[in-house]
Amino acid sequence: MDWNLISDQIASTNSMWLSLALYVLYALTMWRVFVKAGYAGILALIPIVNWIFLVKVAGMSAWFALLYLIPIVNIVFAIVVAVKEGANFGKGGLFSFFLLWMLPFIGHLIIGFGSATYRKV
């Protein structure tokens with residue numbers, strides 16, 4: 001029996017379950033953020049559509065979501081969206097950069113289930 005093959009399969013399965021759990025957590029937190037912003041929460045479950053509505057939550061035109069498809073530009077654009085989204089929920093720039101861009105499942109968890117209210121700036 002090849003133990004390396006078995007350990008590789010176990011590691012692959014574990015990373016799959018971890019990825020699935022993080023996606024479910026992110027989808028639930030985005031659901032709450034969308035509901036607070038006045039959009040249907042179910043839109044958070046659709047992978048590309050949630051970009052479009054996240055850009056709208058940030059107060060920008062939905063067409064700007066196409067910038068997520070351009071390499072390097074998407075990184076800068078994601079930071080801009082995070083900062084604008086944070087401002088619309090009354091959060092500062094440091095919170096937006098670190099918790100909405102670098103660790104979005106934590107930042108959206110705080111916004112979605114916390115006391116932050118949506119007000120378009």
Side-chain angles (χ1 to χ4, degrees):
M1 195 177 263
D2 188 9
W3 290 105
N4 287 332
L5 179 62
I6 292 172
S7 66
D8 287 345
Q9 289 174 344
I10 290 172
S12 175
T13 304
N14 288 341
S15 63
M16 179 199 67
W17 286 114
L18 178 64
S19 297
L20 182 65
L22 285 177
Y23 178 75
V24 168
L25 175 66
Y26 185 67
L28 288 175
T29 58
M30 287 298 295
W31 186 303
R32 293 284 300 177
V33 169
F34 284 179
V35 168
K36 278 189 172 186
Y39 297 105
I42 194 90
L43 297 170
L45 301 178
I46 307 168
I48 305 253
V49 173
N50 64 10
W51 290 349
I52 295 168
F53 284 93
L54 185 63
V55 170
K56 289 177 82 171
V57 168
M60 301 163 65
S61 172
W63 286 102
F64 282 112
L66 292 173
L67 293 175
Y68 278 121
L69 301 174
I70 304 171
I72 306 300
V73 173
N74 60 4
I75 296 170
V76 175
F77 182 66
I79 294 170
V80 170
V81 168
V83 169
K84 287 188 173 204
E85 178 190 3
N88 285 342
F89 280 101
K91 302 296 182 184
L94 284 176
F95 176 91
S96 299
F97 180 78
F98 287 109
L99 292 179
L100 290 178
W101 181 66
M102 293 184 84
L103 299 169
F105 49 91
I106 295 173
H108 287 124
L109 181 73
I110 293 170
I111 287 176
F113 292 96
S115 62
T117 56
Y118 182 75
R119 58 184 192 285
K120 194 169 181 178
V121 177

(request) Kindly indicate, with the supporting measurements, whether the criterion side-chain contact (heavy atoms from CB on, under 4.5 Å) is fulfilled by Arg119 and Asn88. (result) CA-CA 5 Å; Arg119 58 184 192 285; Asn88 285 342; over 6 Å; no

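Shown here for Ala87 and Ser96, the closest heavy-atom pair between the two residues is N-OG, 4.4 Å. Smallest separation of non-hydrogen atoms from Ile52 and Ala62: CG2-CB, 3.6 Å. The minimum heavy-atom distance between Val57 and Tyr118, with the atom names listed, is O-OH, 3.0 Å.
The side chain to side chain contact (heavy atoms under 4.5 Å, CB included) check on Ser61 picks up Trp63, Phe64, with sequence neighbours excluded. Annotation: side chain to side chain contact (heavy atoms under 4.5 Å, CB included) contacts of Leu28 (sequence neighbours excluded): Val24. Taking Ala40 as the reference, Ile42, Leu43 meet the side chain to side chain contact (heavy atoms under 4.5 Å, CB included) condition, with sequence neighbours excluded. Shown here are the side chain to side chain contact (heavy atoms under 4.5 Å, CB included) partners of Ala78, two or more places apart in sequence or in another chain: Tyr68, Trp101.
The stretch residues 12-33 participates, sequence neighbours left out, in these ring pair (Phe, Tyr, Trp, His ring centres under 6.0 Å) pairs: Tyr26-His108.
Cluster note: Val76 groups with no other residue, as no ILVMFWY side-chain heavy atom lies under 4.5 Å from it.
With Trp51 as the fixed residue, the side chain to side chain contact (heavy atoms under 4.5 Å, CB included) test singles out one of Leu66, Asn74, Leu69: Leu69.
A cation-pi contact, defined as under 6.0 Å to the ring centre and within 45° of the axis, is absent between Lys91 and Phe89.
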